[in-house]
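Residue numbering restarts at 1 for every chain, and letters A, B, ... go by the order of the sequence lines. Only heavy atoms go into these numbers, but all of them, side chains included; no hydrogens, no water, no symmetry mates.
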There are 2 protein chains.
Amino acid sequence: MADAEYVSIWMRPERPARGPKPVYSRAQITEAAIRIADAEGLDAATMRRIAAEIGAGAMSLYRYVPSRDNLVELMADRLMGEIDVTGMPSGDWRADLTRYADGLRAMWLRHPWISTVQRSLPSFGPNQLLLIERLMGVLDPFVSIDENLSLMAVLNGYVEGTVREEISSAEEVRRSGLSESEWMERSSPYVDRLVKSGEYPIFTKIVMEARQPHLSRDDQFRYGLQRVLDCIAAALPSTAGSAMPAHREEREEQDGPGHR
Amino acid sequence: MADAEYVSIWMRPERPARGPKPVYSRAQITEAAIRIADAEGLDAATMRRIAAEIGAGAMSLYRYVPSRDNLVELMADRLMGEIDVTGMPSGDWRADLTRYADGLRAMWLRHPWISTVQRSLPSFGPNQLLLIERLMGVLDPFVSIDENLSLMAVLNGYVEGTVREEISSAEEVRRSGLSESEWMERSSPYVDRLVKSGEYPIFTKIVMEARQPHLSRDDQFRYGLQRVLDCIAAALPSTAGSAMPAHREEREEQDGPGHR
DNA sequence: CCTCCACTGGGTACGTTGTACGCGGTTCCG
DNA sequence: CGGAACCGCGTACAACGTACCCAGTGGAGG
């Protein structure tokens, strides 16, 4: 019933054999689009705008990319390539997953617009595939494939959830037009009203914490990440000795959040 | 610099005092929009389409809602109300969080389009607020506020990550035009090529598992969820027995993330 | 070498979107 | 009983993705 004619971008070749040499390239277009999205958001990365960025006509882009949605897929995969996973199943799974999580977070913070692209259907680009192989390879010797998937869902979910909040609050600050220190004191009138009403004690605590954080974002992230890794460690057989999760007190010393 | 005139939807009243009685209502419009989005996706929920659904003119909607984005916020908050959290800090935190996770997953599966709405800035609607109070209240007696936030990030992240994959694969099946059983055998030509190439052994295992799952989606979800709850249990002080609501202990001094 | 035609970049145009603006009618306040 | 405040809604516009068409171009077959 549906269009069975659909073929993935990754199947159709960039360049045909015949004809004059193309002036541009998929990589160049993708790069330009990412540049615009980084600066002004994904919505600003219009076909016309991208074309202008590289000095081309709007319709020329369609010689390289079947549609804008497909271009976004290209962009997303390009971003996956920014996460360094070289030599990834290194033997120390805890180090590997930490490096991956840090890389993923850093990438999201560099390109916040990625949080708005829905992967309603997954497109397995080359970078994405490499990432899967390397990352899932880390725990593959220890657990079944679907247990592995579950654990990675936890890890990815934590990172994405956390970073989404970071992006949101950064966006809120930007929109309010205030500097970050100003925003600390005087938040939006709506949030202020909620807090003053006294009906939402826990929400109030969250707001207070956000205004006067006693942990830097990085420390906060690292702290929660260790929690997640502990969870993963618990799910692994004892044969998978990495740096063994020590007792709580010691762990607090070595990788717990530092006081500022 | 930015528009300091911005006010949240939740601040501007639905109805003014004066003038003729409105024929429609925000709730009615929101409901219609959700109905359309459920059936045909969020993109299909055009202002004109929504207006037609309730028998109104397109521009009439703007008497009730400042913009389409704001309407989407209304829709999202309406969905939060579908998650049943009545009597939520019940004393048994494990039961509470399980019920919440199940409810969240069920809601997402009922309204898959919610995965595409970016919460680039969080809008604290009434349902969202109630959810925060009740849900965060579950662990509030045991941990500090930002530890609580971290743990909820893990939980939400797991649920959302898992459900996103469910939605994706359902979407893929629907788009391929094949029945689910047919899809098991013959997947997309691109994925097929990747598998046959032999260069992606782990990816291949994932595909195989997806075709011949030995666990139902529900069981898979429940299994991973228990892992997450175990992780949360490990982060809680020992006084927080699942069945007994303990009062807050001073353990926070030594256990919490460096609170002072 | 020439010839052919698959390819190139790009201009024009169409359908659809969100929404600014203004109109004539309706309801409530003073 | 005005008149201000609000209603539903038709028109209009800018911006979007992209279908279609064109004149040029350069590699392959003769």
Notebook entry, point to check: Parallel, tilted or perpendicular: which fits the ring planes of Phe203(A) and Phe124(B), with parallel below 30° and perpendicular above 60°?
Noted result: perpendicular
Next item on the list: Quick one: list whatever passes side-chain contact (heavy atoms from CB on, under 4.5 Å) with Met59(B), sequence neighbours left out.
Entry: Tyr62(B)
Checklist line | Partners passing salt bridge (Lys or Arg N to Asp or Glu O under 4.0 Å) against Arg99(B) (at least two apart in sequence or in another chain) | finding: Asp84(B)
Check: Between atom CG in Leu61(A) and atom P in dG10(C), what is the gap in whole Å?
Finding: 9 Å
Check: salt bridge (Lys or Arg N to Asp or Glu O under 4.0 Å) with Arg63(A): which residues, sequence neighbours excluded?
Finding: none
Next item on the list: Using whole Å, report how far CG of Leu71(B) lies from P of dT17(C).
Entry: 15 Å
Notebook entry, point to check: Counting side-chain heavy atoms from C-beta on, which of dT18(D), dC28(C), dG10(C) comes nearest to Ser60(A)?
Noted result: dG10(C)
Item checked: Value rounded to 0.5 Å, distance of CD1 in Ile29(A) from CE in Met47(A) -> 7.5 Å
Checklist line | Residue Ala56(A), side-chain heavy atoms: nucleotide from dG10(C), dG8(D), dT8(C) that is nearest | finding: dG10(C)
Next item on the list: Return the value, rounded to whole Å, for the distance between atom NZ of Lys21(B) and atom C1' of dC29(C).
Entry: 17 Å
Item checked: Check: Ile202(A) main-chain N/O paired with Glu133(B) side-chain donor or acceptor under 3.5 Å -> yes
Notebook entry, point to check: Rounded to whole angstrom units, what separation is found between the OH atom of Tyr64(A) and the P atom of dT18(D)?
Noted result: 18 Å
Check: In whole Å, what is the span from the CD1 atom of Ile29(B) to the P atom of dC7(D)?
Finding: 11 Å
Checklist line | Interatomic distance where CZ belongs to Arg68(A) and P belongs to dA19(D) [whole Å] | finding: 15 Å
Item checked: side-chain N/O Tyr24(B) vs dC9(D) OP1/OP2, d < 4.0 Å -> yes
Next item on the list: For Ala76(A), enumerate each residue passing the side-chain contact (heavy atoms from CB on, under 4.5 Å) test, keeping only those at least two apart in sequence or located in another chain.
Entry: Ile114(A)
Item checked: Check ion pair Arg105(A)-Glu160(A) (N to O, under 4.0 angstrom) -> no
Notebook entry, point to check: Could you run down nucleotides 20-26 of chain C 5' to 3' and tag each one B, S or - for protein heavy-atom contact under 4.0 Å?
Noted result: BBB---B
Notebook entry, point to check: If each of Asp69(B) and Val23(A) is mapped to the nucleotide of DNA chain C with the nearest heavy atom, which maps nearer the 5' terminus, i.e. the 5' end?
Noted result: Val23(A)
Margin query: Can you classify the ring geometry of Phe221(A) versus Tyr158(A) as parallel (below 30°), tilted (30 to 60°) or perpendicular (above 60°)?
Written below: parallel
Checklist line | Residue-level proximity of residues 43-52 of chain A to DNA chain D when a heavy atom falls under 4.0 Å | finding: Thr46(A), Met47(A), Arg48(A)
Notebook entry, point to check: Using a cut-off of 4.0 Å on non-hydrogen atoms, how would the nucleic acid contact of Ala58(B) be classed: base, sugar-phosphate, or nothing?
Noted result: nothing
